[in-house]
Amino acid sequence: MTPRAFYKAVVVPNIQDVAENYGDFRIAHNAVASVDALAAHIYVFMKMACHDDVVETKDDIEFRHHLAQEFSDFGLIRDVAKAQKHVALDRGKPQVKNASQVNTGKLAQWDQGKFGEARFDAPPQVFVTTTSGEKRAIEALVKSCSAFLVGKMDEYGIG
């Protein structure tokens with residue numbers, strides 16, 4: 001399956017689900033995992049095509065690291081996905097060290113979370129609280145990261 005086909009078959013439906021069910025932890029978990037997996041699909045596709053941007057890249061972990069340096073939201077999604085998989089992260093400087101930093105709830109004040117990410121009138125939604133204390137809406141993160149990765153596929157000529 002090409003990265004573009006994976007995006008259409010898996011990522012897009014998961015993002016639609018999280019937009020319709022922004023308070024559902026399971027759906028948010030699936031959306032995070034699929035966006036993170038899309039990066040691996042892009043890496044493997046490019047590696048098989050001997051694309052210059054990945055020829056010297058050791059593996060998809062290093063590729064994700066480069067993506068995270070380019071787009072900080074992707075770094076956060078990568079860390080959330082790793083925390084969901086491994087429960088606790090103790091290497092490096094992850095923005096999320098534990099899976100328990102992802103929760104469903106309401107924001108208590110209008111100024112909690114990143115501007116423009118919270119749902120109007122604060123209905124319960126899935127958020128991640130970074131190790132620095134910033135609250136970010138999973139729905140907004142998966143949307144921004146999938147758009148970033150679609151842009152990378154366009155840039156790399158992945159049809």
Side-chain angles (χ1 to χ4, degrees), residues 1-49 51-54 57 59-86 89 92 94-97 99 101-105 107 112-120 123-132 134-159:
M1 177 178 284
T2 68
R4 191 76 65 168
F6 179 81
Y7 169 74
K8 290 176 182 175
V10 179
V11 177
V12 169
N14 278 328
I15 289 175
Q16 289 170 341
D17 286 348
V18 84
E20 294 167 6
N21 302 287
Y22 45 83
D24 188 305
F25 185 83
R26 178 188 58 81
I27 289 172
H29 185 288
N30 289 341
V32 167
S34 68
V35 170
D36 182 62
L38 178 57
H41 280 264
I42 293 169
Y43 169 77
V44 169
F45 184 87
M46 291 174 54
K47 189 79 167 180
M48 290 173 54
H51 195 284
D52 289 344
D53 283 0
V54 298
T57 306
D59 55 24
D60 67 312
I61 295 169
E62 186 178 331
F63 180 68
R64 283 184 181 98
H65 176 73
H66 293 302
L67 294 174
Q69 287 180 319
E70 186 176 338
F71 187 60
S72 62
D73 280 2
F74 181 78
L76 181 53
I77 279 293
R78 176 204 57 196
D79 290 351
V80 170
K82 285 171 49 178
Q84 288 177 162
K85 181 179 176 185
H86 300 288
L89 305 178
Q95 297 177 66
V96 176
K97 291 187 176 195
Q101 289 173 250
V102 178
N103 293 291
T104 301
L107 292 180
Q112 288 183 326
K114 188 172 181 179
F115 181 76
E117 286 187 358
R119 289 278 180 161
F120 179 72
Q125 59 192 107
V126 181
F127 281 91
V128 58
T129 304
T130 66
T131 53
S132 67
E134 181 181 32
K135 293 185 184 293
R136 300 289 308 275
I138 293 295
E139 176 188 8
L141 285 168
V142 296
K143 285 179 180 178
S144 71
C145 291
S146 72
F148 168 70
L149 292 174
V150 166
K152 296 309 278 182
M153 287 190 288
D154 292 345
E155 178 185 329
Y156 298 142
I158 298 172

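For the pair M153 and I42, the minimum side-chain heavy-atom distance is below 4.5 Å. In this structure, N14 and V142 have side chains that are not in contact, with every pair of non-hydrogen atoms separated by 4.5 Å or more. Side-chain atoms of V126 and N103, non-hydrogen and from C-beta on, never get closer than 4.5 Å to each other. In this structure the side chain of F6 reaches within 4.5 angstrom of the side chain of L38, judged on heavy atoms.
Between D17 and R26 no salt bridge is recorded (no basic side-chain N to carboxylate O distance below 4.0 Å). In summary, D36 and R64 engage in a salt bridge, as defined by a charged side-chain N under 4.0 Å from a carboxylate O.
Ring orientation note: the planes of F63 and Y43 are tilted relative to one another, at an angle of 30° to 60°.
Separating the CG atom in N30 from the CD1 atom in I15 is a distance of 12.0 Å, to the nearest 0.5 Å. Taking NZ of K152 as the reference point, atom CG of L149 lies at 9.0 Å (rounded to 0.5 Å). Remark: D154 CG to R4 CZ distance equals 4.5 Å, nearest 0.5 Å. The distance from the CZ atom of F148 to the CD atom of E155 is 8.0 Å, given to the nearest 0.5 Å. The distance from the OH atom of Y22 to the CD1 atom of I138 is 15.5 Å, given to the nearest 0.5 Å. Taken to the nearest 0.5 Å, the CD atom of Q95 stands 11.5 Å off from the CG atom of L89.
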Side chain to side chain contact (heavy atoms under 4.5 Å, CB included) between S34 and Y7: does it pass, once the steps are laid out? CA-CA 8 Å; S34 68; Y7 169 74; over 6 Å; no
How far apart are the C-alpha atoms of H65 and Q69, what are their side-chain angles, what is the distance that settles it, and do they pass the side-chain hydrogen bond (donor to acceptor under 3.5 Å, both in side chains) test? CA-CA 6 Å; H65 176 73; Q69 287 180 319; 3.2 Å; yes
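Of all heavy-atom pairs between G23 and T104, the closest is O-CG2, 3.1 Å. Shortest non-hydrogen contact noted between A137 and Q125 is CB-NE2, 3.8 Å. In plain terms, the two heavy atoms of D60 and A40 that are nearest each other are OD2-CB, 3.7 Å. When every heavy atom of T130 is checked against every heavy atom of Q101, the shortest pair comes out as C-NE2, 3.5 Å. Between Q84 and A33, the shortest heavy-atom contact is NE2-N, 4.4 Å. Of all the heavy atoms in G75 and A68, the pair that sits closest is CA-CB, 3.4 Å.
Partners of R78 according to the salt bridge (charged side-chain N to carboxylate O under 4.0 Å, His left out) rule, which considers only residues two or more places apart in sequence or in another chain, do not exist here.
The residue from L67, V150, L76, V35 that alone fulfils the side-chain contact (heavy atoms from CB on, under 4.5 Å) condition with C145 is V35.
With D24 contributing its side chain and I27 its backbone, the two residues share a donor-acceptor pair below 3.5 Å. Distance alone, capped at 3.5 Å, places no donor-acceptor pair between the R136 side chain and the D73 backbone.
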